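From a predicted model like this one, the values you see are computed outputs, not experimental measurements. Chain A is the first sequence line, chain B the second, and so forth, proteins listed ahead of strands; every chain is numbered from 1.
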Number of protein chains: 2
Amino acid sequence: MQIAGQQLDLVFSALADPTRRAILARLATGEATVNELVEPFELSQPTISKHLKVLEGAGLVTRGRDAQFRPVRLNALPLKSAAQWIGDYRRFWEESFDRLDVYVSELHRKEQQHGRKRRRK
Amino acid sequence: MQIAGQQLDLVFSALADPTRRAILARLATGEATVNELVEPFELSQPTISKHLKVLEGAGLVTRGRDAQFRPVRLNALPLKSAAQWIGDYRRFWEESFDRLDVYVSELHRKEQQHGRKRRRK
DNA sequence: TCTCTATATAGCCAATAATGAATATAACGG
DNA sequence: CCGTTATATTCATTATTGGCTATATAGAGA
């Protein structure tokens with residue numbers, strides 16, 4: 001989990017920034033140069049380059065080379081792992097399972113209350 | 001996107017830590033007290049409490065009250081938004097679309113090369 | 001009330017991350 | 001070779017994070 005988890009660390013933390021998510025959204029419409037990615041934002045070019053480095057570190061984009069251009073391309077594969085991880089929790093948000101779960105575990109908790117108090121360190 | 005995006009910021013950055021993901025995994029088996037969550041880790045209780053605060057801030061867990069216990073419960077709903085966001089990219093990782101896409105956009109890029117050079121600031 | 005137990009808060013530290021300004025590199029066009 | 005464009009790197013600054021220890025609070029139970 002530590003070894004495989006590192007990939008998830010990188011992906012999730014890359015996704016935790018709205019600028020980076022916007023960059024990915026833009027790349028979903030096709031590859032772009034750095035300057036094309038700078039334009040829509042009020043951020044400086046170095047700032048965007050840095051965000052791109054983070055995305056690249058997470059494997060979410062790849063860079064090409066074309067003269068002085070370094071076209072940026074979406075690579076969605078790491079999102080698959082993220083989607084799979086989250087997918088394991090789908091049953092917890094689907095159906096009105098949520099409230100039922102709360103209710104059941106509430107009962108369970110109350111049943112265990114006595115045991116809990118007895119728990120030794 | 002900024003307003004709705006903040007929720008995603010919180011969720012993704014909460015998920016970006018392996019300890020917090022492990023806590024969620026544990027909670028998927030049922031609610032737990034703070035001390036029960038501390039045990040499996042080599043981390044101090046305050047550290048776990050801090051992680052719980054982050055998870056709570058992202059809406060991923062809720063806290064109850066039961067005497068001196070503050071049972072922690074999974075709330076997977078925010079994961080739904082995260083799953084939806086990621087889901088928009090599914091088509092990019094499914095099929096062997098990836099390599100094809102790269103190839104196509106490579107061609108496209110080369111076709112546009114001349115136009116790119118002419119681009120004015 | 002006194003003493004456990006469970007949990008939270010505060011304060012501190014080291015490591016990392018984000019931001020902006022300035023500069024460097026790299027490749028084209030002439 | 002020169003000038004221009006595209007992008008990266010460097011620095012300095014500041015903010016955030018994750019961990020710790022020590023202490024505080026809150027409730028149970030004797």
Side-chain angles (χ1 to χ4, degrees), chain A residues 2 5-6 9-23 27 31-39 41-58 61-73 109-110 112-121, chain B residues 6 9-23 31-58 61-73 109-110 112-121:
Chain A
Q2 213 81 311
Q6 269 189 127
D9 288 11
L10 292 173
V11 172
F12 281 131
S13 91
L15 296 182
D17 183 284
T19 300
R20 288 192 291 260
R21 288 198 305 277
I23 288 175
L27 292 176
E31 73 167 30
T33 67
V34 175
N35 275 339
E36 284 166 352
L37 292 174
V38 169
E39 280 181 32
F41 301 99
E42 297 173 338
L43 300 174
S44 68
Q45 171 265 313
T47 298
I48 296 295
S49 280
K50 214 172 207 177
H51 281 306
L52 289 175
K53 208 171 193 176
V54 173
L55 289 169
E56 196 177 3
V61 305
T62 60
R63 316 295 306 267
R65 184 172 272 295
D66 168 16
Q68 65 274 61
F69 303 90
R70 305 289 314 276
V72 188
R73 205 183 296 127
R109 180 174 60 73
K110 282 177 175 156
Q112 288 197 322
Q113 189 162 332
H114 191 244
R116 198 175 266 160
K117 281 171 186 165
R118 283 207 183 141
R119 196 158 294 164
R120 304 276 104 244
K121 77 150 186 184
Chain B
Q6 269 189 127
D9 287 12
L10 292 173
V11 172
F12 282 131
S13 91
L15 296 182
D17 184 282
T19 301
R20 288 192 291 261
R21 288 198 304 276
I23 289 175
E31 72 167 30
T33 67
V34 175
N35 275 339
E36 285 167 352
L37 292 174
V38 169
E39 280 181 33
F41 301 99
E42 296 174 338
L43 300 174
S44 68
Q45 171 264 312
T47 297
I48 297 296
S49 281
K50 218 177 208 176
H51 281 305
L52 290 175
K53 209 169 191 175
V54 174
L55 289 170
E56 196 177 3
V61 305
T62 59
R63 315 295 307 267
R65 185 171 273 295
D66 168 16
Q68 66 273 62
F69 303 89
R70 306 289 314 277
V72 188
R73 206 182 295 127
R109 180 173 61 71
K110 283 177 175 157
Q112 287 196 323
Q113 191 163 330
H114 191 243
R116 197 174 267 161
K117 282 172 186 163
R118 284 205 181 143
R119 197 158 293 164
R120 302 279 104 242
K121 78 155 178 137

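The B:D17 side chain lies nearest to D:dG18 when the options are D:dG18, C:dT5, D:dC20.
From A:D17, atom CG reaches atom CZ of A:R21 across 7.5 Å, with rounding to the nearest 0.5 Å. Of the inter-residue distances, the one linking B:E36 atom CD with B:I48 atom CD1 reads 13.0 Å to the nearest 0.5 angstrom. Of the inter-residue distances, the one linking A:T19 atom OG1 with A:E42 atom CD reads 10.0 Å to the nearest 0.5 angstrom. Going from atom OG1 of B:T47 over to atom CG of B:L52 covers 11.0 Å, rounded to the nearest 0.5 Å.
Look at CG on A:D9: it is 19 Å from P on C:dA15, rounded to the nearest Å. Here C:dA17 presents its P atom at 15 Å from CG of A:L15, a figure rounded to the nearest Å. Rounded to whole Å, the distance from CZ on A:F41 to P on C:dA18 is 15 Å. In this structure, A:N35 atom CG and D:dA6 atom P are separated by 5 Å, rounded to whole Å. As a whole-Å value, the separation of B:I23 CD1 from D:dG18 P is 11 Å. Whole-Å rounding puts the A:E42 CD to C:dT19 C1' distance at 14 Å. Per the geometry, CD belonging to A:E36 stands 11 Å off C1' belonging to D:dA6, to the nearest Å. Rounded to whole Å, the distance from CD on A:Q6 to P on C:dT16 is 12 Å.
A distance-only check finds no donor-acceptor pair linking the side chain of A:R70 to the backbone of A:R63 [under 3.5 Å]. Without hydrogens or angle criteria, A:R20 side chain to A:S13 main chain gives a donor-acceptor distance under 3.5 Å.
Between the side chain of B:Q45 and the base of C:dA8, at least one donor-acceptor pair of N or O atoms lies under 3.5 Å.
In this model, the phosphate group of D:dG18 is approached by a side-chain N or O of B:R20 to a distance below 4.0 Å at OP1 or OP2. At least one side-chain nitrogen or oxygen of A:R63 sits closer than 4.0 Å to the OP1 or OP2 atom of D:dA8.
By the side-chain hydrogen bond (donor to acceptor under 3.5 Å, both in side chains) test, A:Q45 pairs with A:S49, sequence neighbours left out.
Of the residues in residues 46-57 of chain A, those placing a heavy atom less than 4.0 Å from an atom of DNA chain D are A:P46, A:S49, A:K53, in numerical order.
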